[in-house]
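Input: a single structure, listed below in structure tokens.
Counting convention: from 1, in listed order, for ligands and their atoms alike. Quick caveat, the model's predicted, so the values are computed rather than measured.
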Amino acid sequence: MKRLVIGNWKMNPATATLAQKLVKGITEALKKDSRLSAIIAPPFPFLSVVGKLHPRLSLAAQSLSHKKEGPYTGEVSATMLRSLGVSCVIVGHSERRALGETDEMINLKVLLALKEKISPIICVGEKERDTHGKYFSIVEEQLTRALLGVSKVQLAHVVIAYEPVWAISKGDGKGETATPEHAHEMKLFIQKVLVSLYGRQVAMKVPVIYGGSVNPQNVEELAEKSEADGFLVGGASVNVDSFITILKAAHHE
Ligand code: PGA
């Protein structure tokens with residue numbers, strides 16, 4: 001199975017030199033094993049440092065502005081990302097939502113990314129699990145609102161990442177992981193929502209990936225049992241050995 005593996009470096013590493021070293025390590029591993037491919041989401045200043053060093057290495061951004069252009073200090077537009085060769089962008093990560101990103105802003109970002117032919121990786125996930133299954137309606141609402149105005153044709157370029165907030169690590173990739181059953185159940189639910197919005201034919205082609213403390217210890221089980229179409233890896237993606245182990249497990253079958 002061909003899975004998407006996205007390394008979300010978050011606000012790491014500390015310098016451009018270290019970023020270069022990290023991407024070099026990943027590139028070396030790709031050269032040695034033709035089954036492997038990866039998408040790297042470095043911080044904005046390192047986008048051109050990471051670049052596109054290998055045909056099986058794609059460049060992603062961790063966010064983008066919800067504005068197209070203009071007087072927005074500190075913002076980075078979809079068009080700018082496109083001009084740097086960025087092919088995917090993480091949208092609606094819970095760490096961005098915690099800083100004030102709303103569903104409306106997330107929707108605008110999704111639409112701007114798609115307009116520039118950049119695939120949005122839309123993150124959805126509940127903060128906590130209750131016993132009444134309220135988390136399903138939370139995910140449904142996040143999903144529906146993020147996709148407002150997205151056409152069937154555009155949906156073919158969308159990736160959904162289920163990232164339960166309670167499973168995201170504090171930076172070391174070693175938080176409380178969702179079980180493969182949690183991830184699988186939510187994948188089925190997300191597909192059901194997509195089918196109701198877009199019909200079966202297009203909806204079932206959308207990759208639904210899992211993120212939240214994916215690490216070398218749990219990746220095999222997740223790959224085997226969760227049926228996730230890939231992984232969004234945070235903490236464990238800034239260590240070459242950990243990330244390569246994850247890539248190998250994800251591309252195993
Ligand atoms: P984590 O982060 O792997 O460190 O839990 C995942 C993410 O936030 O994308």
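Lys225 is linked by a side chain to side chain contact (heavy atoms under 4.5 Å, CB included) to Pro180, Glu181, Glu221, counting only residues two or more places apart in sequence or in another chain. Taking Glu101 as the reference, Arg96, Lys109 meet the salt bridge (Lys or Arg N to Asp or Glu O under 4.0 Å) condition, with sequence neighbours excluded.
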Filter the ligand 1-protein atom pairs down to N or O on both sides and distance under 3.5 Å, then list them.
residue  : atom  : partner : partner atom : Å
ligand 1 : 2 (O) : Lys10   : NZ           : 3.1
ligand 1 : 3 (O) : Ser213  : N            : 3.4
ligand 1 : 3 (O) : Gly234  : N            : 2.9
ligand 1 : 4 (O) : Ser169  : OG           : 2.6
ligand 1 : 4 (O) : Gly235  : N            : 2.8
ligand 1 : 5 (O) : Ser169  : N            : 2.7
ligand 1 : 5 (O) : Ser213  : N            : 2.7
ligand 1 : 8 (O) : Lys10   : NZ           : 2.7
ligand 1 : 8 (O) : His93   : NE2          : 2.6
ligand 1 : 9 (O) : Asn8    : ND2          : 3.4
ligand 1 : 9 (O) : His93   : NE2          : 3.2
ligand 1 : 9 (O) : Glu163  : OE1          : 3.3
ligand 1 : 9 (O) : Glu163  : OE2          : 2.8

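Side-chain atoms of Arg97 and Asp103, non-hydrogen and from C-beta on, do get closer than 4.5 Å to each other.
Atom CD of Glu104 is surrounded by 12 or fewer heavy atoms from other residues, nucleotides or ligands within 6.0 Å.
Taking Ile, Leu, Val, Met, Phe, Trp and Tyr as members and joining any whose side-chain heavy atoms lie under 4.5 Å apart, directly or through other members, Met105 forms no hydrophobic cluster with any other residue.
With rounding to the nearest 0.5 angstrom, the CG atom of Leu64 is 7.0 Å from the CZ atom of Phe44.
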